[in-house]
Each structure stands twice: as C-alpha cells, then as structure tokens.
Amino acid sequence: MAFWVDNSRLNWFVDYYLEANSMTEQADLAQRIYQTSRIIGNFQLRSGATSHEYFDKYLFEADPRLLQDIAQALLPLIPEDAEALAGLEMGGIPIATILSQLSGLPTLFVRKVAKEYGTCKLAEGGAVQRRLVIVEDVVTSGGQIIQSARALRQAGADIVKVISVIDREAGGAANLHQENLDFKSLFTMSDLKATAQFHRGT
Ligand SMILES: O=P(O)(O)OC[C@H]1O[C@H](OP(=O)(O)OP(=O)(O)O)[C@H](O)[C@@H]1O
Ligand SMILES: O=C(O)c1cc(=O)[nH]c(=O)[nH]1
C-alpha cells in the first residue's frame, strides 16, 4: 500500500512541533528563573521605588546550568551586525561573559563609574567605538541602562540593541524606546508569574 503524505501538511506539522517544543523550553526556563531568584520582602529598588518582590539575579547567575541556558536563550536576540557585547556592572557582566563564549563576540565590562586609578576606564576590555549590544539582568525603570548607554554613546559607541533577562514592566521599555534604544527582554515579569502560576495549578 502506497503511503502518501502531503508535503505542505508535513511541513506544517514539523513547524508546529518545533514551535511547541521551543515554547515548552521557554516556559521551563521561566519557571526555573522564577523559582531560583524570586524573593519576597521589602526592597528598595535602584530607581528609588519600593517593591514587595525582588529578582535576585545573582541566584540565577550562580547556577552554572541555569546561567548557560539563559545565555543560550538570549543568543538569538543578538543582531547579526553586532561587533561586541557590553555587560553592565555587576549583574550584566556574567551574562555577557557567557554570551561572549557562545556567540564568539568580544565583550566589554561596563562600570557604573569610571575607575579612578590605573587605566581610569568606564568600559573595560577594548574599544568602545563599535556596534554594541548592551546586556543587562533586570530592567525596572531602565535608568541604569540609559545612564550607561549615554556614557557609551558619548565615547563613540553605536548601541544596536539592548537585551535583558527580566523586564519588570515598570516603565523601562518605554523609557528605553524614548532614548532611541532597541530593547528586547527574554522574559517580562508577567511571563514569569504566568508560568509559575501554571506550574502551581498542575
Ligand atoms: O532599570 P533600573 O530602574 O535602572 O533598575 C535595574 C537596575 O538595578 C539593578 O542593578 P543594581 O543597582 O542592583 O546593581 P548590581 O547589578 O551592581 O547589583 C539591575 O541589575 C539593573 O542594573
Ligand atoms: O530595580 C531594581 O533595582 C532591581 C529589581 C529586581 O527585581 N532585581 C534587581 O536586581 N534589581
């Protein structure tokens, strides 16, 4: 008996399967980040706002497997024309370092303030005058990124993208857009909460 498969249907099925698989992987990653790093209490944030919840990025960065999986998921967000990464002190630096390993792109290590002795640099690791991708852990107001992006631009950088692991959806995306920064976060806080809720419900 001849076995006939319509090619377009087969392609649709393969696409559907791959899409479903990658959605499951994304959801699993979101759940792991939430479980590992979300803490409850009273926290003052960098922006001056207060919050009853906090994502302690150092908890997900200290887990080698989780950090590797996060970097792997961030990889497709790096534009083709990027020449280097720029990890922001301090939480952005471990992520940028792993991304540098995975992508083969060099990375800069960007201080909050320039070192006051030695080389007196704000950005360590090479020339700033390149097409850079800023790498950040958590975005709340976007204030830290804006401050660093302004300093890097002043020094001659072309910021082609800004990527982060978590967007707390507290105005950061709009503020970055206003600053003419092309921003994409791997997850929003809503994404993390939704997956956590789903797992609790199952
Ligand atoms: O979007 P924003 O309102 O600027 O807030 C987010 C910033 O605050 C946190 O850094 P933190 O100052 O805690 O520094 P660290 O990474 O050196 O620990 C976070 O890592 C971002 O850099
Ligand atoms: O806005 C911040 O300062 C902030 C929030 C958060 O959840 N995690 C973090 O490291 N910083």
Side-chain angles (χ1 to χ4, degrees), residues 29-64 66-67 69-71 73-74 77-78 85-100 107-116 121-125 128 132-155 157 159 161-197:
L29 186 58
Q31 161 74 0
R32 286 161 65 206
I33 292 171
Y34 188 89
Q35 289 283 348
T36 307
S37 66
R38 185 196 182 244
I39 49 178
I40 305 172
N42 287 314
F43 303 97
Q44 165 131 28
L45 305 182
R46 184 197 163 275
S47 58
T50 53
S51 176
H52 72 281
E53 63 185 337
Y54 192 82
F55 292 93
D56 183 350
K57 65 282 185 103
Y58 300 116
L59 295 177
F60 64 66
E61 292 180 345
D63 177 331
L66 185 49
L67 180 58
D69 289 347
I70 288 169
L74 283 168
L77 305 186
I78 299 175
L85 308 171
L88 303 192
E89 181 193 358
M90 176 163 124
I93 287 177
I95 303 166
T97 307
I98 305 293
L99 265 177
S100 172
T107 190
L108 295 173
F109 309 106
V110 183
R111 297 176 183 278
K112 290 191 205 298
V113 288
K115 193 166 168 170
E116 287 178 358
K121 286 182 179 173
L122 179 85
E124 305 280 0
V128 168
L132 301 181
V133 177
I134 289 182
V135 181
E136 182 58 295
D137 44 32
V138 180
V139 172
T140 303
S141 70
Q144 181 59 58
I145 292 172
I146 289 172
Q147 195 175 308
S148 300
R150 283 181 184 168
L152 290 169
R153 280 173 165 167
Q154 187 100 34
I159 317 276
K161 193 91 187 176
V162 175
I163 61 177
S164 76
V165 181
I166 303 172
D167 172 9
R168 288 185 55 119
E169 300 167 294
N175 292 338
L176 295 175
H177 181 71
Q178 256 197 341
E179 196 73 13
N180 219 4
L181 290 166
D182 181 5
F183 169 60
K184 179 80 183 151
S185 185
L186 185 56
F187 296 112
T188 61
M189 197 152 86
S190 311
D191 293 333
L192 298 185
K193 281 177 187 290
T195 48
Q197 217 158 23

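When a ligand or atom number is given, it counts from 1 through the structure's own listing order. Computed from a prediction, not measured in an experiment: that's the story for all the values here.
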Undergrad: Measure across Ala151 and Leu122 and return the closest heavy-atom pair with its distance rounded to 0.1 Å.
TA: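 Ala151 and Leu122 have their closest heavy atoms at CB-CD2, 3.5 Å.
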
Undergrad: So which of Asp167, Ile134, Ile163 actually passes side-chain contact (heavy atoms from CB on, under 4.5 Å) with Phe183?
TA: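 Filter result, single survivor: Asp167.
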
Undergrad: For ligand 2, which atoms sit closer than 4.0 Å to a heavy atom of Phe55?
TA: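 Near Phe55, meaning under 4.0 Å from one of its heavy atoms, ligand 2 has 6 (C), 7 (O), 8 (N), 9 (C), 10 (O).
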
Undergrad: Measure the distance from atom 3 (O) of ligand 1 to every protein heavy atom, then report the residue, atom name and distance (to 0.1 Å) of the closest one.
TA: Ser141 OG, 2.6 Å

Undergrad: Considering heavy atoms of the protein only, find what lies nearest to atom 10 (O) of ligand 1 and give residue, atom and distance to 0.1 Å.
TA: Lys57 NZ, 3.5 Å

Undergrad: So is there a nitrogen or oxygen of Tyr54 less than 3.5 Å from a nitrogen or oxygen in ligand 2?
TA: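 Yes, there is a polar N/O contact under 3.5 Å.
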
Undergrad: With heavy atoms of Gln144 as the reference, note each atom of ligand 1 found under 4.0 Å away.
TA: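 This gives 4 (O), 22 (O) as the contact atoms.
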
Undergrad: What protein heavy atom sits nearest atom 18 (O) of ligand 1, and how far away is it?
TA: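 Atom 18 (O) of ligand 1 sits closest to the protein heavy atom Tyr58 OH, 2.6 Å.
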
Undergrad: Heavy-atom distances under 4.0 Å are what count here, so tell me which part of Lys57 touches ligand 2: side chain, backbone, both or neither.
TA: side chain

Undergrad: Please report the C-alpha distance between Ser51 and Arg168 in whole Å, then the side-chain angles of each, then the deciding distance to 0.1 Å, and finally whether the side-chain hydrogen bond (donor to acceptor under 3.5 Å, both in side chains) criterion is met.
TA: CA-CA 11 Å; Ser51 176; Arg168 288 185 55 119; 2.8 Å; yes

Undergrad: Would you say the side-chain atoms of Glu136 pair up with the backbone N or O of Val162, donor to acceptor, closer than 3.5 Å?
TA: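 Side chain of Glu136 to backbone of Val162: no pair is present.
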
Undergrad: Which residue, Asp191, Asp137, Ile33, Leu186, forms the side-chain contact (heavy atoms from CB on, under 4.5 Å) with Ile166?
TA: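 When side-chain contact (heavy atoms from CB on, under 4.5 Å) is applied between Ile166 and each of Asp191, Asp137, Ile33, Leu186, only Ile33 qualifies.
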
Undergrad: Indicate whether the side chain of Ser47 and that of Thr140 have a donor and an acceptor atom separated by less than 3.5 Å.
TA: no

Undergrad: Considering distance alone, does some N or O of Asp56 sit under 3.5 Å from an N or O of ligand 2?
TA: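 No - when backbone and side-chain N and O of Asp56 are compared with those of ligand 2, no distance drops under 3.5 Å.
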
Undergrad: Is it the side chain (CB and beyond), the backbone, both or neither of Asp137 that lies under 4.0 Å from ligand 1, heavy atoms counted?
TA: side chain

Undergrad: With a 4.5 Å cut-off on side-chain heavy atoms, are Glu89 and Val110 touching?
TA: no

Undergrad: Short N/O distance, under 3.5 Å, between Arg168 and ligand 2?
TA: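 Yes, since at least one N or O of Arg168 sits under 3.5 Å from an N or O of ligand 2.
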
Undergrad: When you compare ligand 2 with Val138, is there at least one nitrogen or oxygen pair between them that comes in under 3.5 angstrom?
TA: no

Undergrad: Out of Lys112, Gln147, Met90, who gets a non-hydrogen atom closest to atom 14 (O) of ligand 1?
TA: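 Answer by nearest heavy atom: Lys112.
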
Undergrad: Can you see which heavy atom on Gly91 is nearest to which on Tyr58, and at what distance?
TA: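 Answer, listing the atom of Gly91 first, then Tyr58: N-OH, 3.4 Å.
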
Undergrad: Salt-bridged, Arg32 to Asp69, with N to O below 4.0 Å?
TA: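 Looking at Arg32 and Asp69, the cut-off is met.
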
Undergrad: I'd like to check Leu66 versus Gln35 (side-chain heavy atoms, cut-off strictly below 4.5 Å). Are they in contact?
TA: no

Undergrad: Report the nearest protein non-hydrogen atom to atom 22 (O) of ligand 1: residue, atom name, distance rounded to 0.1 Å.
TA: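 Result for atom 22 (O) of ligand 1: Glu136 OE2, 2.7 Å.
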
Undergrad: Based purely on interatomic distance, does Gly143 place a nitrogen or oxygen under 3.5 Å from a nitrogen or oxygen of ligand 1?
TA: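 Gly143 vs ligand 1: N/O contact under 3.5 Å present.
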
Undergrad: If you have a sec, work out which protein heavy atom is nearest atom 21 (C) of ligand 1 and how many Å separate them, to one decimal?
TA: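 Ranking protein heavy atoms by distance from atom 21 (C) of ligand 1, first comes Val138 O, 3.3 Å.
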
Undergrad: With nothing but distance in play, are any N or O atoms of Val139 less than 3.5 Å from an N or O of ligand 1?
TA: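 There is no such contact.
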
Undergrad: Below 4.0 Å from any atom of ligand 1, is there a heavy atom belonging to Gly142?
TA: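 Yes, that is the case, since the closest heavy atom of the residue is under 4.0 Å from the ligand.
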
Undergrad: Tell me: protein heavy atom nearest atom 1 (O) of ligand 2, and distance?
TA: Thr140 OG1, 2.6 Å

Undergrad: Donor-acceptor check, side chain of Ser148 to backbone of Gln144, threshold 3.5 angstrom: yes or no?
TA: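 The answer is yes, because a donor-acceptor pair under 3.5 Å joins these two groups.
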
Undergrad: Number the atoms of ligand 1 from 1 as they appear, then name those within less than 4.0 Å of a heavy atom of Gly91, with their elements.
TA: 16 (O)

Undergrad: For the NZ atom on Lys193, are there more than 12 heavy atoms of other groups (residues, nucleotides or ligands in this structure) within a distance under 6.0 Å?
TA: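 Yes, the 6.0 Å shell around NZ holds more than 12 heavy atoms from other groups.
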
Undergrad: How close does the nearest protein non-hydrogen atom get to atom 3 (O) of ligand 2, and which residue and atom is it?
TA: Arg46 N, 2.9 Å

Undergrad: Should one rank Ile145, Ile146, Leu45, Thr140 by closest heavy-atom distance to atom 5 (O) of ligand 1, which comes out on top?
TA: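 Shortest heavy-atom distance from atom 5 (O) of ligand 1: Thr140.
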
Undergrad: Applying a heavy-atom cut-off of 4.0 Å, say which part of Arg46 lies close to ligand 1: side chain, backbone, both or neither.
TA: side chain

Undergrad: Side-chain contact, heavy-atom cut-off 4.5 Å: Arg150 with Glu179?
TA: yes

Undergrad: Contact between Lys57 and Ser37 at the side-chain level, heavy atoms closer than 4.5 Å - yes or no?
TA: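 Counting from C-beta outward, Lys57 and Ser37 never come under 4.5 Å.
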
Undergrad: List every atom of ligand 1 that sits less than 4.0 Å from any heavy atom of Ser47, numbering the atoms from 1 in the order shown and giving each element.
TA: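 Counting from 1, the qualifying ligand atoms are 3 (O).
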
Undergrad: Measure Glu89 to ligand 1 on non-hydrogen atoms and call it side chain, backbone, both or neither using the 4.0 Å cut-off.
TA: backbone

